[in-house]
Amino acid sequence: MENFHDLLIKRRSIRKFTEENLSPDDVTTILQAALLSPAGKSKNPWQFVVVEDKEVLERLSYAKEHGAALVKGAALAIVVLAEPMVSDTWVEDASIASTLIQLQCEDLGLGSCWVHIRNRFTEAGQDAQEAVRTILDIPYTMEVLSIIAIGHKSDERKPHDIDKLQWEKVHIGKW
Ligand SMILES: Cc1cc2nc3c(=O)[nH]c(=O)nc-3n(C[C@H](O)[C@H](O)[C@H](O)COP(=O)(O)O)c2cc1C
């Protein structure tokens, strides 16, 4: 594990991947990170669908009009779901899990990108969640928050610039 602060600076959204598959050990480590996510009242309303099949990845890449095409080139995608009946913090819980998946990927030297699904639509105007539900046979009790596309980075991106942080968004004591 590298220094956590350096990891945060280095992590960028990666949208281009090599053809190389992920190792089973890496996939296990990434899924452990997902399952280690904290959740409100420890209700753990999330579930994860792991997709490696190229044809299914391609179908998922059309699940919304903009910003999903990159899923097609990923080695693997984790579709992050949650069940609102289990917890009213499901959006937060599934978002934390999505983030931890991405940070674990970076720690393993892998690239990842969050592809947002909730409140998004396909090119034909269909709800993106419905599109993903149909492709993956997801029950109606589950909401689809995101698809985290993962793979070996085909290009390195510049790390964040610590001198360009938006400090004006930090308010000390009161607004
Ligand atoms: C909630 C959320 C939704 C996002 N949705 C998409 C998406 O649908 N497609 C995409 O290519 N990137 C998506 N991203 C990635 C952002 O565009 C990216 O995190 C942002 O531009 C900052 O860049 P960085 O991740 O390299 O720091 C999403 C990120 C977040 C946190």
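Along the sequence shown, the residues carry numbers beginning at 1. Atoms considered below: every heavy atom in the structure, side chains included; atoms not considered: hydrogens, waters and symmetry mates. Each ligand, and each atom within it, is numbered from 1 in the order the structure gives.
- Listed for the R15 side chain is no donor-acceptor partner under 3.5 Å among the backbone atoms of G67.
- Summarising the geometry of L57 relative to A75, their closest heavy-atom pair is CD1-O, 4.1 Å, with the distance given to 0.1 Å.
- Atoms of ligand 1 found under 4.0 Å from any heavy atom of R157 (numbered from 1 in listed order, with element): 26 (O).
- In the model, Y140 has no side-chain atom that pairs as donor or acceptor with a side-chain atom of Q129 under 3.5 Å.
- Residue contacts with ligand 1 include R11, since one or more of its heavy atoms lies under 4.0 Å from the ligand.
- Residue, atom and distance of the protein heavy atom nearest to atom 7 (C) of ligand 1 are W114 O, 3.2 Å.
- Between the R120 side chain and the E65 main chain, no donor and acceptor come within less than 3.5 Å of each other.
- Across every non-hydrogen atom of I30 and C105, the tightest pair is CD1-SG, 3.9 Å.
- Atoms of ligand 1 lying under 4.0 Å from at least one heavy atom of H160, given by number and element, are 27 (O).
- Pairing each heavy atom of A128 with each of A63, the nearest pair is CB-O, 3.1 Å.
- Less than 4.0 angstrom separates atom 22 (C) of ligand 1 from none of the non-hydrogen atoms of the protein.
- Of the polar atoms of V115, none of the N or O atoms is found under 3.5 Å from an N or O of ligand 1, judged by distance alone.
- Contact atoms of ligand 1 toward L70: 11 (O) (distance under 4.0 Å to a heavy atom of the residue).
- Closest heavy-atom approach to atom 12 (N) of ligand 1 among the candidates R15, H116, Q102, R12: R15.
- The contact set between ligand 1 and K64, taken as ligand atoms under 4.0 Å from a residue heavy atom, comprises 7 (C), 8 (O).
- Each of the following atoms of ligand 1 lies closer than 4.0 Å to a heavy atom of G67: 7 (C), 8 (O), 9 (N), 10 (C), 11 (O).
- Between S112, A128, S13, A63, it is S13 that holds the heavy atom closest to atom 18 (C) of ligand 1.
- For ligand 1, the atoms sitting less than 4.0 Å from at least one non-hydrogen atom of C113 are 10 (C), 11 (O), 12 (N), numbered in the order shown with element in parentheses.
- Contact detail for A39 and W46: the closest heavy-atom pair is CB-NE1, 4.1 Å.
- Under the 4.0 Å criterion applied to side-chain N and carboxylate O atoms, E106 and K153 are assigned as salt-bridge partners.
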